[in-house]
Every structure is written in structure tokens, then in C-alpha cells.
Amino acid sequence: MDKIEKLRTYTENEIENMNNTELRNKFKELQEIAEKDNKLILALDKMKKRYKLALFIVIRNSKVMPIGRKLGKSQKEINKKSYETLCEVITMIDFNRAEKEYEQGKNG
């Protein structure tokens with residue numbers, strides 16, 4: 001039985017006609033699917049956080065920190081400006097164009 005079949009909606013009559021063992025088995029199958037999907041979501045969230053932190057550090061170390069140090073700014077001020085710059089960068093990027101350029105770089 002494929003994933004789609006396991007996720008299909010059962011009518012009230014179908015549920016009423018299932019015995020307790022069938023209901024338990026269906027519930028267990030749905031729990032297993034949800035658990036696998038939850039693990040995938042957690043892995044994607046972890047990857048997203050790492051990319052965000054990597055971008056923050058690149059912006060901070062390459063652009064903001066050198067200027068901040070020259071201006072005598074504190075680490076807190078440098079980090080705040082780095083975060084603000086990160087937010088600006090994310091809002092100004094043309095992601096469709098960036099994806100094409102990324103693929104060119106990736107594939108040579």
C-alpha cells in the first residue's frame with residue numbers, strides 16, 4: 001500500500017465498519033508517516049539555520065566588521081549591523097536570477 005492510500009480519507013461508515021485491530025493498524029501507519037515527515041522537516045530546518053548563520057558570518061566578517069572596527073564599534077553593534085545587512089540582502093535578491101547563476105556555478 002503506497003503513501004497516498006495510507007493518507008486517504010475514510011468515510012464515517014468505513015471507520016465504523018473497521019474493527020479495533022484495523023483501526024489501530026491504520027492509526028499506527030499514519031503515525032509512522034507523520035514521524036518520517038517530521039524528521040525530514042527537522043532536518044530541513046537545521047539546514048536552513050546553518051545556511052542563515054553562514055550567510056550572517058560571511059556578511060559580518062567580510063563587510064561589516066572591517067568597517068565597524070575602523071569606526072570603533074562594539075561587537076554588539078557590529079553584530080546588529082550584520083543582522084540588519086543580512087535582512088536587507090535577503091529582501092533585495094532576485095531569487096530566480098540567483099538560482100540560475102547558482103546552477104551555472106554548480107554545473108560549470
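For this chain, numbers begin at 1 and follow the sequence in order. Values below: all heavy atoms of this structure, side chains included; hydrogens, waters and symmetry mates excluded.
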F27, CZ atom: more than 12 neighbouring heavy atoms under 6.0 Å
no

For salt bridge (charged side-chain N to carboxylate O under 4.0 Å, His left out), just list the numbers for K36 and E32, CA-CA rounded to whole Å, side-chain angles, deciding distance to a tenth of an Å, and then say yes or no.
CA-CA 6 Å; K36 288 177 186 175; E32 289 170 359; 5.8 Å; no

If you take all heavy atoms of F56 and Y83, which pair is closest and at what distance?
CE1-N, 3.6 Å

Taking only residues two or more places apart in sequence, or in another chain, which ones meet T91 in a side chain to side chain donor-acceptor pair (under 3.5 Å)?
none

I'd like to know if V58 and V89 are part of one continuous hydrophobic network [Ile/Leu/Val/Met/Phe/Trp/Tyr, side-chain heavy atoms within less than 4.5 Å].
no

Is there a donor-acceptor contact under 3.5 Å from the side chain of N79 to the main chain of Q75?
yes

Within 6.0 angstrom of E99 CD, more than 12 heavy atoms from elsewhere
no

From I41 CD1 over to D37 CG, what is the distance, rounded to the nearest 0.5 angstrom?
6.0 Å

Would you check if L53 and R50 make a side-chain contact, meaning some heavy-atom pair closer than 4.5 Å?
no

When you look at R24 and T21, which way does the side chain to side chain contact (heavy atoms under 4.5 Å, CB included) test go after all the steps?
CA-CA 5 Å; R24 271 194 234 85; T21 304; 3.9 Å; yes

Check ion pair K81-E77 (N to O, under 4.0 angstrom)
no

For the student: nearest non-hydrogen atoms of L86 and I59, plus distance:
CA-CD1, 3.7 Å

Within this structure, what is the CD1-CZ distance for the pair I78 and R69, rounded to the nearest 0.5 Å?
6.5 Å

Consider only side-chain heavy atoms of I, L, V, M, F, W and Y, link residues closer than 4.5 Å, and tell whether L55 and I57 are in one cluster.
yes

Closest non-hydrogen atom pair, I93 against A98:
CG2-CB, 4.0 Å

Supply the atom-to-atom distance E35 CD to K39 NZ, rounded to the nearest 0.5 angstrom.
4.5 Å

Are the charged groups of K80 and E84 less than 4.0 angstrom apart, N to O?
yes

